[in-house]
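Remember, it's 1-based here, ligands and their atoms both numbered in the order they're listed.
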Amino acid sequence: MGSAPFPSAPRRVLRYISVCVAPWICATALARASGPAAPAPTAAPAPTAAAAPTAAAAPTAAARAQRWWQHAVIYEIYPRSFQDSNGDGIGDLNGIARRLGYLEWLGVDAIWIAPMYPSPQVDFGYDISDYRAVDPQYGTLADFDRLLAQAHTHHIRIILDMVLNHTSDRHPWFIESASSRSAAKHDWYCWSDGKTGAAGRPLPPNNWVSLFGGSAWQFVPAVSQFYYHKFYRQQPDLNWRNPAVEQAMFAAMRFWLDRGVAGFRLDAITTLFEDAQLRDEPVLGDVNAQGDPNLDDIYTDNLPEDHGVMRRMRAMTDRYPGERVLIGETYLRKTADLDAWYGGARHDELQLPMDTLLGLGSRLDAGTFRQHLTESQSELHGSQPLFVFDNHDNRRSWDRYGDGIHDAAIARIVATLLLTSRAAALLYQGEEIGQTTATPTRVEDVRDPIGITGWPKEKGRDGERTPMQWDDSNAQAGFSTNAHTWLPVTANYRSINVASESADPDSLLNWHRRLISLRRSNAALRDGRMVMLDQSDATCFVTRAWRAMVRRSSSRSTCRRGRRRCRSASGQRVSVALT
Ligand code: GLC
């Protein structure tokens with residue numbers, strides 16, 4: 001994969017990073033002021049039998065307003081790779097429970113657990129065959145309930161991944177659907193007769209391609225029809241035009257809401273509907289990494305019909321106490337498109353569709369960040385952005401933004417942008433310690449199917465999914481006791497791991513922890529507005545958030561940053577300067 005190309009102009013961005021908090025304390029001073037770093041706890045207390053709460057109790061009620069999700073730090077857990085508790089080389093729910101103490105120490109408000117439901121694991125859980133159970137690899141429903149209860153005692157909410165666009169082809173619904181055209185559930189998936197080619201050969205109905213390679217249509221002789229799949233062939237798309245699908249999926253969501261989960265991260269949610277006329281998508285030219293033509297996906301992504309479902313889903317989750325949250329996996333083209341997923345001025349769809357524009361690029365450029373941040377403050381009808389720099393589908397930000405020389409400093413910039421912006425924040429396991437992308441170098445080592453079919457242009461997503469690096473107690477970095485972990489542990493675990501970084505006051509881990517603590521304790525950072533003080537400097541980036549309501553203070557403050565002078569007369573304020 002290698003490092004992202006690093007433009008020369010923003011090098012000065014690295015020269016100085018400071019976080020100034022009223023009364024103007026720079027982060028380095030803040031680091032020292034906090035005293036020696038307390039080591040991260042390694043294990044959580046024993047499970048309790050307490051009933052699962054609807055929402056976790058907050059440690060400082062005042063610091064967390066009613067809408068807890070607005071300023072939440074949500075930590076993504078990829079369960080296969082977080083903590084193995086039974087020595088099979090694969091992470092599991094009891095492993096997550098063991099690490100709750102660490103997550104509380106770090107200061108996260110909620111964890112989002114990537115799919116842990118029963119699954120053939122073609123797409124490592126994103127191909128679900130039962131929406132109301134736990135895959136035996138990860139544990140049992142009883143383990144889940146215990147985890148929920150334990151998380152509550154650590155003031156951590158649990159958000160589940162919910163895959164609504166498609167199921168596994170092993171799901172009983174699809175098995176029935178594909179069995180006969182007259183089956184009761186035949187219409188639960190997207191079927192088409194297709195076209196007829198030479199000698200009566202069946203051909204797909206249009207030019208749509210799967211995001212994971214090849215035609216998006218798969219022929220099934222038993223029904224003499226094609227089914228549509230946006231992702232792998234083993235992930236048939238559900239037909240959301242059939243109201244029975246919505247009823248069944250909402251019921252599955254209620255199953256978990258009733259148990260006490262705090263909400264859902266909605267997988268691939270912009271792809272629920274496809275064009276009813278199945279029109280060809282415009283061809284953009286050239287081919288993608290899988291060798292398929294590049295298409296403008298206007299008929300398979302972000303269709304207007306999606307929004308009716310979102311509004312009904314929001315009405316359903318709003319009936320639950322405790323502010324359940326709907327997070328969207330929303331890869332969109334521009335901020336204005338994102339606004340529609342909040343419901344625009346009505347605010348009646350998702351609370352937190354992800355902004356993938358700010359943090360999932362690879363250009364460390366002040367102007368680009370400034371533009372995205374400004375749009376996120378001005379084009380969302382006041383809704384709260386949700387920023388993300390890392391997840392299980394993208395090369396780690398360390399490698400995307402790093403230049404190979406200043407990587408550690410750049411990782412601090414990324415953390416500062418993420419955690420001091422007026423936004424909720426998504427943090428992916430390992431991001432806080434600077435885990436790196438470890439892309440396989442031989443095709444025979446690849447586990448992610450897109451890396452096998454796309455090799456060598458597309459090497460898959462294994463690199464960002466390697467096991468969490470806890471310590472250097474064994475060759476599995478404390479992740480497992482099994483020498484054969486499902487993906488290999490990255491060799492740099494001896495220096496990049498939770499145990500060593502928690503003991504080092506200047507580590508990236510403690511940088512994250514302090515920023516999280518700062519945003520939790522400072523009302524301006526939590527709730528304040530955010531404006532750019534500098535509008536044009538390509539190498540300097542300054543933002544400030546302040547609490548518009550607080551104007552009691554008459555004192556004026558002056559902050560000097562080199563030749564730059566910032567004046568403010570507001571009461572409580574925070575200034576983040578990256579110059
Ligand atoms: C989402 C998931 C990704 C998965 C895909 C298909 O993008 O994040 O991991 O492969 O959906 O479900």
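- Classification of the Trp188-Trp173 ring pair by plane angle, with boundaries at 30° and 60°, yields perpendicular.
- Protein residues lining ligand 1, listed by chain and number: Asp123, Tyr126, His166, Phe212, Phe231, Gln235, Arg265, Asp267, Glu329, His392, Asp393, Arg461, Arg465 [non-hydrogen atoms, distance under 4.0 Å].
- Shortest non-hydrogen contact noted between Asp84 and Ser480 is OD2-OG, 2.7 Å.
- With salt bridges taken as basic N to acidic carboxylate O contacts below 4.0 Å, none links Lys334 and Glu375.
- Ring pair Trp217/Tyr227: centre-to-centre distance not below 6.0 Å.
- At a cut-off of 3.5 Å, with distance as the only test, no side-chain donor of His171 or Asp130 sits close to an acceptor on the other residue.
- For the residue pair Gln435/Thr490, the side-chain donor-acceptor check at 3.5 Å is not satisfied.
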